[in-house]
Amino acid sequence: MSITCVENEQILKDLSLYLERIKLSFFSGRLMVNTPDRERFWVFSFHLGRLNWTGGSNYRQDWWRRHLGVAATRIGSQDLQLLSNCQQPELVSSTLNDLLSLQQVDRKSLHEITAKMFEEALFDVIQCSHSLNRTLDYEYFYNTQEASATGQALPLLASKPCLDKAREKWGKWQAAGLTDLPVNLQLQQLDEDYCAALLTVKQKQLLPLIQRGYTLRDIAHATRQPLQGVALELQPLFKRGVVEVSTGIDVLSMIDIISQPSQEEEDQTIFSPEFTDISEDITIDYQPLVACIDDSEIVHYYLGKILTQHGYRLTSIHDPVFTIPSLIMAKPDLIFLDLVMPKLNGYEVCSQIRKTPSLKNTPVIMLTGKDSMVDRLRSKLVGSNDFLSKPIEPEEVLRMLFYYLPVKI
């Protein structure tokens with residue numbers, strides 16, 4: 001069935017109507033909202049009239065990573081791929097249930113994440129409907145008994161408060177003259193020769209994120225800036241044709257999977273001092289400094305590769321005894337700390353970091369090959385922010401950097 005609206009308010013009335021019908025009928029299944037050409041769609045999964053997850057054609061793995069990262073949820077690429085495949089809804093529900101059962105995310109956090117994602121998706125539906133002459137298609141798909149049981153196990157969310165928030169944000173978006181500026185589509189820089197003298201300081205510092213294929217929402221999250229403020233800053237670049245919506249760049253494809261080095265490369269690198277402070281060929285004006293405290297040269301080598309490829313610097317500390325003096329001098333923005341080391345373990349070092357005034361607020365990420373609930377609990381008790389399993393993976397390192405290190409404007 002299709003709906004056609006002639007006024008912007010009618011879009012919101014239609015959304016309200018469909019969501020109210022779902023609530024009153026205790027509907028269990030999916031509401032799909034499609035553009036007429038079926039190139040874009042949104043999926044809203046319900047159980048007995050209440051929402052349990054949201055997805056869509058433009059919500060890739062990085063969208064799920066960003067939201068789950070807020071709850072410090074560690075999740076691998078395979079699970080992210082399942083979550084982003086909303087054309088197989090049973091896989092999304094079962095993956096979310098697995099995250100709950102494995103205690104990778106608690107119910108309260110998942111409830112809050114679901115609400116935020118639903119709010120963003122509703123905003124996108126409103127914006128898309130507005131830009132396409134207010135015409136979208138709405139379809140219902142009823143759950144099987146097995147799918148309903150899976151959905152029942154997930155946190156359930158009332159839809160009206162999220163719609164009210166999306167409506168409020170859309171009103172502010174329109175009032176600011178940003179109606180046609182997309183918030184959840186990847187961006188690209190078209191005119192790389194555009195005169196730098198015509199750019200503001202903030203625009204110069206946001207361009208590297210655009211070149212990486214970030215969306216406006218990603219940029220706002222990475223820089224800890226209000227979404228509307230970022231949009232207003234970049235709006236002149238859209239109007240001048242310097243920036244536009246990308247066609248098919250995938251953030252994950254931009255992350256180079258680092259292959260294992262040959263034995264010869266390892267032998268050369270273990271004794272090479274060049275990885276103690278890497279700062280060459282950085283394109284971002286501000287280059288965040290990351291400290292790695294680990295007795296393994298190989299860890300420093302791989303971490304250094306990942307960091308320098310994505311615009312960060314590394315300072316390496318191999319002996320935990322000298323950690324605090326080295327950190328006070330270096331003033332890092334984030335610390336990766338090995339859990340198992342000779343002389344002092346990671347718990348002891350983290351406790352010392354938290355007792356040092358200039359370091360007490362610096363994010364600390366524990367590195368370990370154990371990854372047990374006891375290790376996680378003890379790490380939290382001594383003040384660590386998060387956990388990263390060994391062997392380190394580029395995507396997981398970048399997720400930590402993306403969440404804990406705002407781009408400094």
Side-chain angles (χ1 to χ4, degrees), residues 69 72 201-202 204-206 208-209 212 219 221-225 269 272-368 379-388 392 394 396-409:
V201 173
K202 285 189 178 181
K204 289 179 183 178
Q205 294 178 324
L206 293 178
L209 301 181
R212 296 180 188 183
I219 294 172
H221 176 81
T223 60
R224 303 295 194 271
Q225 302 291 312
T269 307
S272 172
E274 65 177 320
F275 289 97
T276 52
D277 192 358
I278 306 173
S279 57
E280 298 179 352
D281 300 324
I282 304 299
T283 58
I284 298 178
D285 292 338
Y286 176 78
Q287 302 154 16
L289 178 65
V290 176
C292 178
I293 306 164
D294 200 302
D295 60 323
S296 169
E297 291 283 357
I298 300 300
V299 170
H300 290 286
Y301 171 72
Y302 284 122
L303 190 58
K305 266 192 151 184
I306 297 168
L307 293 172
T308 52
Q309 287 177 357
H310 294 88
Y312 299 89
R313 294 176 295 145
L314 173 68
T315 181
S316 294
I317 301 172
H318 301 83
D319 190 338
V321 173
F322 300 106
T323 293
I324 300 303
S326 300
L327 291 177
I328 291 174
M329 290 182 62
K331 299 178 181 178
D333 297 287
L334 180 141
I335 299 167
F336 285 107
L337 173 60
D338 188 24
L339 191 59
V340 181
M341 295 183 291
K343 300 178 185 176
L344 290 175
N345 61 40
Y347 302 123
E348 295 169 308
V349 174
C350 188
S351 181
Q352 291 179 5
I353 290 173
R354 290 299 176 238
K355 293 176 183 177
T356 305
S358 61
L359 301 170
K360 65 179 182 179
N361 295 320
T362 305
V364 176
I365 312 300
M366 288 290 199
L367 300 175
T368 180
S379 296
K380 287 290 183 183
L381 290 175
V382 295
S384 74
N385 296 82
D386 219 320
F387 226 71
L388 195 61
I392 57 175
E396 291 298 302
V397 171
L398 292 175
R399 183 176 71 84
M400 296 293 178
L401 296 172
F402 183 76
Y403 181 68
Y404 288 103
L405 282 186
V407 176
K408 296 195 176 181
I409 301 297

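Only heavy atoms go into these numbers, but all of them, side chains included; no hydrogens, no water, no symmetry mates. It should be emphasised that the depicted structure is a prediction, and the values quoted were computed from it without experimental measurement.
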Which heavy atom in Arg354 sits nearest to a heavy atom in Gly383, and how many Å separate them? NE-O, 2.8 Å

Given 3.5 Å as the limit, does a donor-acceptor pair link the side chain of Thr223 with the main chain of Ile219, or not? yes

Side chain proximity check, His318 to Asp294, heavy atoms < 4.5 angstrom: no

Side-chain touch Phe402/His221, heavy atoms, less than 4.5 angstrom: yes

Side-chain contact, heavy-atom cut-off 4.5 Å: Asp386 with Met366? no

How many angstroms lie between atom CG of Leu359 and atom OG1 of Thr323, to the nearest 0.5 angstrom? 10.5 Å

Is there side-chain contact between Met341 and Val349, with heavy atoms separated by less than 4.5 Å? yes

Could you pull out the closest heavy-atom pair between Ile324 and Gln352, with the gap in Å? CG1-OE1, 3.6 Å

Heavy-atom nearest pair, Asp295 first then Pro342, reads OD2-CD, 3.5 Å

Rounding to 0.5 Å, atoms CD1 (Ile335) and CD1 (Ile317) come to a distance of 7.5 Å

Glu348 side, atom CD; Ile353 side, atom CD1 - distance, nearest 0.5 Å: 12.0 Å

On a heavy-atom basis, the closest approach of Leu314 and Cys292 is CD1-CB, 3.8 Å

Heavy-atom side-chain proximity of Val340 to Asn345 below 4.5 angstrom: no

Gap between atom CG of Leu398 and atom OH of Tyr312 - 0.5 Å precision: 7.0 Å

Would you name the heavy atoms of Leu303 and Val397 that are closest together and state the gap between them? CD1-CG1, 3.9 Å

Walk me through it: do Leu388 and Met400 pass the test side-chain contact (heavy atoms from CB on, under 4.5 Å)? CA-CA 9 Å; Leu388 195 61; Met400 296 293 178; 4.1 Å; yes

Does the side chain of Thr315 reach to within under 4.5 Å of the side chain of Leu289, using non-hydrogen atoms? yes

Heavy-atom side-chain proximity of Ile365 to Tyr404 below 4.5 angstrom: yes

Quick one: does Lys380's side chain have a donor or acceptor within less than 3.5 Å of a partner on Asn385's backbone? yes

Taking the side chain as every heavy atom from C-beta outward, state whether Leu334 and Pro288 have any pair of such atoms under 4.5 Å apart. no

Heavy-atom nearest pair, Cys350 first then Ser384, reads SG-N, 3.6 Å

